[in-house]
Peer 1: 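Right, I'll just put the structure down here and ask away after.
Every chain is numbered from 1 and lettered A, B, ... according to where its sequence line falls, protein lines coming before strand lines.
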Number of protein chains: 2
Amino acid sequence: MAVRPGLTAERLVRAGAELADEVGFEHVTVSELARRFDVKVASLYSHVRNSHDLKTRIALLALDELADRASDAVAGRAGRDALTAFADAYRAYAVEHPGRYTAARFPLDPQTAAASAGPRHARMSRAILRGYDLPEPAETHAVRLLGSVFHGFVSLETAGGFSHSAPPAAETWPWILDALDALLRDAPASHRPIKADPS
Amino acid sequence: MAVRPGLTAERLVRAGAELADEVGFEHVTVSELARRFDVKVASLYSHVRNSHDLKTRIALLALDELADRASDAVAGRAGRDALTAFADAYRAYAVEHPGRYTAARFPLDPQTAAASAGPRHARMSRAILRGYDLPEPAETHAVRLLGSVFHGFVSLETAGGFSHSAPPAAETWPWILDALDALLRDAPASHRPIKADPS
DNA sequence: TGCATCCGCCTAACACTTTTAGGCAAATGA
DNA sequence: TCATTTGCCTAAAAGTGTTAGGCGGATGCA
């Protein structure tokens, strides 16, 4: 009543991201956000089109932050160092910001995805892999392998998938990075294409 | 009015799984399920505790089906054949049943998880890896690597993450399996643990 | 066959989230 | 100072989740 909260799309999105980290992205709700700003729900609809729009914006924020972190981590490094730094940045972000990390996986429509930091992620992967000197299409395959391993590991870890057996996930992570590095160094030699010959 | 629908927890869960494949697991709703059975919403609550319970049961069904498929695929195979069959079964299930596959990732409380087919999956991974003769703890690391790669790839693929660039994901998949096989065969030799020495 | 019980689905009601339409008052700027 | 814009409001409707309690047909027993 006295002072207006001063809502803004940016402030809402930022608060939404924090909310996601606290309660999980799937529980981010327009109502809860309004509650946190001590404002009526309908007021948010002047700044955000709808719930889906809000989630999309949180996703874009997360993708941006993640790309920034990864970019900082990789700067000035190459080869195995770059790979490790990239991977660690990725995993650290997911551990520190599980809600945002989930948000980064929110399905975006093609145009939004193209305008997001998604392509930056892909370019960074490629830049790192350039140090391994893979011929196409192996480099593309490798980009996808890295994406799969990082995302797979991190999402299984944050879902608690590794927490009920020894050794701790923190020990598996460097082992995997080591293995990936070795794999990529030897990839050209070891790559024998699989024939899908039905007869 | 005339004939009772004959609701059952099992029938609800099975219909819920189909619904998940049609509209996505996140859009599976008690109301929609009631609509499909032409029954009032409250009626479902005699058979299922609540929405969370329903989703949990769908998750358990999916985990079971997936384990059955993987088990069938692996039967009678070993080494690289087993690895490929296992991985293909995994990916095929996700492609055919995207909603169920997502359901299989639904977070379960520890007791439910322990009673689920989750442990079966882990045992199958281990059984396959036995063919590669890895020393502990490498075998555990490798179990996690396989889980990460398979889950990561499949979830990125079904999210459309690979659909906007060439070559098609179907070509990357065998490349990755090939790489994993090579990696596991050489793993003992190439494994140089990473020192996390802070001083 | 008749009766009591139980089970399965129902109605009713409440709480919560999402979304739209329209209003009022504070901030802005000429 | 006043007109306009902006920002948050009230009101209301639709959808989902959940609980409480009721009714009638099916079932079991004498």
Peer 1: Rounded to the nearest angstrom, tell me the gap between atom CG in B:L33 and atom P in D:dT18.
Peer 2: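 Going from B:L33 (CG) to D:dT18 (P), I get 13 Å.
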Peer 1: Which whole-number value in Å describes the distance from B:R36 CZ to C:dC9 P?
Peer 2: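 Spelled out: CZ on B:R36 to P on C:dC9 is 19 Å.
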Peer 1: Under 3.5 Å, is there a donor on one side chain and an acceptor on the other for A:Y101 and A:D21?
Peer 2: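 Note: A:Y101 and A:D21 side chains miss the donor-acceptor criterion.
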Peer 1: Under a 3.5 Å threshold, yes or no: a donor from one side chain and an acceptor from the other, between A:Y90 and A:H121?
Peer 2: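 No, because no side-chain N or O of A:Y90 sits under 3.5 Å from a partner of the opposite role on A:H121.
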Peer 1: Write down the distance between NZ (A:K40) and C1' (D:dC9), rounded to a whole number of angstrom.
Peer 2: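 One finds 9 Å between C1' of D:dC9 and NZ of A:K40, rounded.
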Peer 1: From NE2 of B:H27 over to C1' of D:dG15, roughly how many Å is that when rounded to an integer?
Peer 2: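 The answer, rounded to whole Å, is 13 Å.
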Peer 1: Whole Å only: how far is the NE2 atom of A:H47 from the P atom of C:dT20?
Peer 2: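 Answer to the nearest Å: 15 Å.
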Peer 1: Ignoring hydrogens and geometry beyond distance, is a side-chain donor-acceptor pair present between B:R14 and B:T8 at under 3.5 Å?
Peer 2: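 No - no donor-acceptor pair under 3.5 Å links their side chains.
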Peer 1: Under 6.0 Å between the ring centres of A:F162 and A:F153?
Peer 2: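 Yes: the rings meet the under 6.0 Å criterion.
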Peer 1: Taking atom P of D:dG7 as reference, at what distance in whole Å does atom CG of A:L12 sit?
Peer 2: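 Result: 12 Å.
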Peer 1: Without decimals, in angstroms, what is the distance between B:D53 CG and D:dG17 P?
Peer 2: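 Roughly 13 Å, once rounded to whole Å.
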Peer 1: Quick one: B:L44 CG to D:dG17 P, roughly how many Å, whole number?
Peer 2: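 Atom-to-atom, B:L44 to D:dG17, this comes out as 10 Å.
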Peer 1: Does a side-chain N or O of B:S43 approach OP1 or OP2 of C:dG8 to a distance below 4.0 Å, or not?
Peer 2: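 It does not, given that no N or O in the side chain of B:S43 lies less than 4.0 Å from OP1 or OP2 of C:dG8.
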Peer 1: Could you tell me whether the side chain of A:H27 reaches within less than 4.5 Å of the side chain of A:E22, counting heavy atoms only?
Peer 2: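 No, side chains not in contact.
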Peer 1: Sort me out a list of protein N/O and nucleotides 16-18 of chain C N/O pairs below 3.5 Å, or just none if empty.
Peer 2:
{"residue": "C:dT17", "atom": "OP1", "partner": "A:R35", "partner atom": "NH2", "Å": "3.2"}
{"residue": "C:dT17", "atom": "OP2", "partner": "A:R35", "partner atom": "NH2", "Å": "2.5"}
{"residue": "C:dT17", "atom": "O3'", "partner": "A:T29", "partner atom": "OG1", "Å": "2.9"}
{"residue": "C:dT18", "atom": "OP1", "partner": "A:T29", "partner atom": "OG1", "Å": "3.0"}
{"residue": "C:dT18", "atom": "OP2", "partner": "A:T29", "partner atom": "OG1", "Å": "2.6"}
{"residue": "C:dT18", "atom": "OP2", "partner": "A:V30", "partner atom": "N", "Å": "2.9"}
{"residue": "C:dT18", "atom": "OP2", "partner": "A:S31", "partner atom": "N", "Å": "3.0"}
{"residue": "C:dT18", "atom": "OP2", "partner": "A:S31", "partner atom": "OG", "Å": "3.2"}

Peer 1: Does a side chain donor of either B:T84 or B:D81 reach within less than 3.5 Å of an acceptor in the other side chain?
Peer 2: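 B:D81 and B:T84 do not have a side-chain donor-acceptor pair below 3.5 Å.
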